[in-house]
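When a ligand or atom number is given, it counts from 1 through the structure's own listing order. The residues of the chain are indexed from 1 along the displayed sequence.
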Amino acid sequence: MMKVKDKNFVEMLSKEDISCIVDRLAAALNADMAGKNPYFLVMMNGAVFFATDLLRRITIPCGLAFVKYTSYEGMRSTGKVTAVLPVPADVKGRNVVVVEDIVDTGETMKAFLSEMQRYAPESVRIVSFLAKPAAMKHPLLIDYVGKEIGNEFVLGYGLDYDGLGRNVPELLVYDGK
Ligand code: IMP
């Protein structure tokens with residue numbers, strides 16, 4: 001158990017559980033993307049831990065870049081995002097794999113995907129460590145999902161609670177107290 005600010009969190013996935021999930025996702029990507037020279041775009045900040053674990057297991061030649069987009073209340077309704085670190089122009093004509101930590105309502109991913117189209121990639125796939133299907137407001141195909149979870153709040157392995165806890169190596173879940 002771990003207390004972060006005012007909330008208690010308990011373990012949901014151990015380091016070993018996480019490692020098994022990442023092994024499975026990497027194996028699928030190595031098989032599906034062979035010969036496609038994929039270009040991994042990592043969504044900062046949350047996906048950084050997952051991405052470095054995943055990319056170490058990718059055995060085919062690939063590109064890697066980090067992107068950072070923020071969506072905030074006023075713009076959320078319009079489905080727009082602001083680029084803090086934009087998509088690099090050289091994704092044009094490439095097979096992009098977007099690496100995300102979690103897809104919750106899907107708003108961030110939906111807005112990011114429409115932004116991506118301006119860069120004219122050949123194809124776009126999504127790999128997300130976690131997904132909350134019950135929370136999803138936008139029908140989105142997430143090609144590779146590490147684990148589906150319920151409508152609960154998780155922390156660690158890159159995910160934060162109010163700016164804290166990204167560094168926790170396990171995945172923890174808020175226990176309601
Ligand atoms: P969406 O736009 O609702 O899909 O939200 C996606 C973003 O919300 C993720 O990239 C996370 O930064 C954040 N998020 C959603 N659920 C959680 C959670 O359970 N813990 C921590 N961050 C979360």
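Of all the atoms in ligand 1, the ones that sit under 4.0 Å from a non-hydrogen atom of F153 are 18 (C), 19 (O), 20 (N), 21 (C). The E107 neighbourhood of ligand 1 comprises atoms 2 (O), 4 (O), with distances under 4.0 Å to a heavy atom of that residue. Heavy-atom contacts of T108 reach the following atoms of ligand 1: 1 (P), 2 (O), 5 (O), 6 (C) (cutoff under 4.0 Å).
A search for side chain to side chain contact (heavy atoms under 4.5 Å, CB included) contacts involving A65 returns Y39, L41, P88, not counting sequence neighbours.
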Stepwise, does the side chain to side chain donor-acceptor pair (under 3.5 Å) test hold for R57 with S19? CA-CA 11 Å; R57 291 163 166 90; S19 186; 3.0 Å; yes
Report the C-alpha distance between L140 and L113 in whole Å, list the side-chain angles of each, state the deciding distance to 0.1 Å, and finish with yes or no for side-chain contact (heavy atoms from CB on, under 4.5 Å). CA-CA 10 Å; L140 263 183; L113 289 177; 3.7 Å; yes
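Compare L140, I102, D101 by their heavy atoms: the one nearest to atom 14 (N) of ligand 1 is in I102. Summarising the contacts of atom 3 (O) of ligand 1 with V103, T105, N45, the nearest heavy atom is found in T105. If you check each of V154, L155, V173 against atom 21 (C) of ligand 1, the one with the closest non-hydrogen atom is V154.
Heavy-atom distances between D160 and ligand 1 reach below 4.0 Å in at least one pair. Distances shorter than 4.0 angstrom occur between a heavy atom of E152 and an atom of ligand 1. Heavy-atom separations between G106 and ligand 1 include at least one value shorter than 4.0 Å.
Only side-chain heavy atoms of E100 come within less than 4.0 Å of ligand 1; its backbone N, CA, C and O stay farther off. Residue contacts with ligand 1 for K132 involve side-chain atoms from C-beta outward but no N, CA, C or O (heavy atoms, distance under 4.0 Å).
Between V98 and V124, some side-chain heavy-atom pair lies under the 4.5 Å cut-off.
Taking the six-membered ring where tryptophan is involved, the planes of Y161 and F9 are tilted, since the angle between them lies from 30° to 60°. The aromatic rings of F112 and Y69 stand perpendicular to each other, their planes meeting at an angle above 60°, with 30° marking the opposite boundary.
Residues F129 and F50 place their aromatic rings such that the two centres sit under 6.0 Å apart.
Between E148 and K132, none of the side-chain N atoms (NZ, or NE/NH1/NH2) sits under 4.0 Å from a carboxylate O, so this pair counts as no salt bridge.
Where the criterion is an N or O separation shorter than 3.5 Å, residue side chain and backbone included, L159 fails it with respect to ligand 1.
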